[in-house]
Amino acid sequence: MVNAVIRVAREIVIAWLIRVFTSNDVIRYQALELASREIKDKKIKGSIAELGVYKGDFAKRINVHFPDKTLYLFDTFNGFDKRDVEIEKKFNKNAKENDFMNNNIELVLKKMKYPENCIIKKGWFPETAKNIEERFAFVSIDADLFEPVYQGLLYFYERLEEGGYIFVHDYNGKLYGAKEAVQKFSKEYNIPYVPLSDICGTVVFSK
Ligand SMILES: C[S@@+](CC[C@H](N)C(=O)[O-])C[C@H]1O[C@@H](n2cnc3c(N)ncnc32)[C@H](O)[C@@H]1O
């Protein structure tokens with residue numbers, strides 16, 4: 001009972017923090033708009049994806065900027081997976097299984113201007129990415145934890161069209177291992193990235 005109350009309270013605080021810290025993130029939103037314009041002007045082919053959708057507040061902006069492109073939405077829609085949380089402990093981070101739980105796909109889709117463009121991939125990434133034959137023009141990786149961010153970079157960079165972009169959120173966040181994942185990927189494959197000065201520190205990979 002006490003554990004359940006603590007879990008619900010933690011969930012409410014997380015949702016509140018996300019709203020407060022990211023709902024007015026002008027730099028993040030303008031960077032997205034600029035990237036989408038580049039992709040449009042240069043007629044970059046490929047679909048769009050977000051890994052780590054939560055309640056869809058960034059995804060709805062992505063959806064608006066790419067009215068003619070398919071948008072894949074990858075999320076457990078039930079919070080962090082215990083396999084990823086286990087790996088996170090190596091980095092002395094305090095992730096909890098099921099942080100970001102209590103999600104609702106219908107509510108996420110209701111926020112979209114072009115819901116018909118959206119393909120929901122519910123479940124644990126990278127399992128949910130199997131059997132997708134796609135190239136991508138723009139990808140947002142916002143899964144917080146080391147393992148899904150690292151797996152996301154491995155998966156999407158290989159499938160990124162030339163001229164496309166990958167935004168990775170939370171590079172500057174201290175709670176989880178996104179930064180370590182970005183650095184490992186960049187070093188291993190010798191692929192540089194550009195950090196932005198938005199609230200949580202997005203980094204941008206391009207091809
Ligand atoms: C910070 S929230 C996303 C916030 C959202 N992009 C926004 O700007 O409002 C992180 C999300 O990543 C999802 N996530 C983390 N690891 C995942 C994995 N391995 N597979 C699928 N979803 C995952 C969580 O369920 C959670 O909804």
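We count residues from 1, following the sequence as given. Ligands are counted one by one from 1 in listed order, and the atoms in each one are counted from 1 as well.
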A.B. asks: Below the 3.5 angstrom mark, is there an N/O of N103, backbone or side chain, next to an N/O of ligand 1?
C.D. replies: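 No, since none of the N or O atoms of N103 sits under 3.5 Å from an N or O of ligand 1.
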A.B. asks: Between ligand 1 and G123, can you find any atom pair, the residue atom being a heavy atom, that is separated by under 4.0 Å?
C.D. replies: yes
A.B. asks: I'd like to check whether T76 has a polar contact with ligand 1, where a contact means an N/O of the residue lying under 3.5 Å from an N/O of the ligand.
C.D. replies: yes
A.B. asks: Please confirm whether the backbone N or O of Y114 pairs with a side-chain atom of N63, one donor and one acceptor, at under 3.5 Å?
C.D. replies: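 The answer is yes, because a donor-acceptor pair under 3.5 Å joins these two groups.
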A.B. asks: So E106 and K110, do their side chains get closer than 4.5 Å, heavy atoms only?
C.D. replies: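 Contact flag for K110/E106 side chains = no.
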A.B. asks: If you measure from CD1 on I87 to CZ on F146, what distance do you get to the nearest 0.5 Å?
C.D. replies: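 Between I87 CD1 and F146 CZ, I get 8.0 Å after rounding to 0.5 Å.
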A.B. asks: Does D81 have a non-hydrogen atom less than 4.0 Å from ligand 1?
C.D. replies: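 Distance cut 4.0 Å: D81 fails for ligand 1.
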A.B. asks: List the steps, then state whether side-chain contact (heavy atoms from CB on, under 4.5 Å) holds for R61 with E33.
C.D. replies: CA-CA 9 Å; R61 293 170 186 272; E33 189 180 345; over 6 Å; no
A.B. asks: Answer with side chain, backbone, both or neither: which part of D84 has a heavy atom less than 4.0 angstrom from an atom of ligand 1?
C.D. replies: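 The part of D84 near ligand 1 is the side chain, not the backbone.
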A.B. asks: Show me which atoms of ligand 1 lie under 4.0 Å from any heavy atom of G79.
C.D. replies: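 Under 4.0 Å from G79, ligand 1 has these atoms: 25 (O).
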A.B. asks: Is the shortest N/O to N/O distance between F125 and ligand 1 below 3.5 Å?
C.D. replies: yes
A.B. asks: Does an N or O from D142, backbone or side chain, lie closer than 3.5 Å to an N or O of ligand 1?
C.D. replies: yes
A.B. asks: With the threshold set at under 4.0 angstrom, would you say E50 reaches ligand 1 through any of its heavy atoms?
C.D. replies: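 Under 4.0 Å: yes for E50.
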A.B. asks: Would you check whether G52 has a nitrogen or oxygen atom less than 3.5 angstrom from a nitrogen or oxygen atom of ligand 1?
C.D. replies: yes
A.B. asks: Going by the atom numbers of ligand 1, which of them fall below 4.0 Å from some non-hydrogen atom of D144?
C.D. replies: 1 (C), 10 (C)
A.B. asks: Mind running side-chain contact (heavy atoms from CB on, under 4.5 Å) on Y171 and Y193 for me, showing each step along the way?
C.D. replies: CA-CA 11 Å; Y171 184 75; Y193 55 89; 2.7 Å; yes
A.B. asks: Is a donor on one side and an acceptor on the other found under 3.5 Å between the side chain of D170 and the backbone of T202?
C.D. replies: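 No; judged by distance alone, with no hydrogens or angles, the pair does not exist.
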A.B. asks: Quick check against the 3.5 Å criterion: does R135 have a side-chain atom that pairs as donor or acceptor with the backbone of E158?
C.D. replies: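 Yes, R135 side chain to E158 backbone: donor-acceptor pair under 3.5 Å.
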A.B. asks: For ligand 1, is there an atom lying under 4.0 Å from some heavy atom of E88?
C.D. replies: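 It does not; every heavy atom stays at 4.0 Å or beyond.
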A.B. asks: Which of the atoms of ligand 1 are close to F80, meaning less than 4.0 Å from one of its heavy atoms?
C.D. replies: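 That gives atoms 15 (C) of ligand 1.
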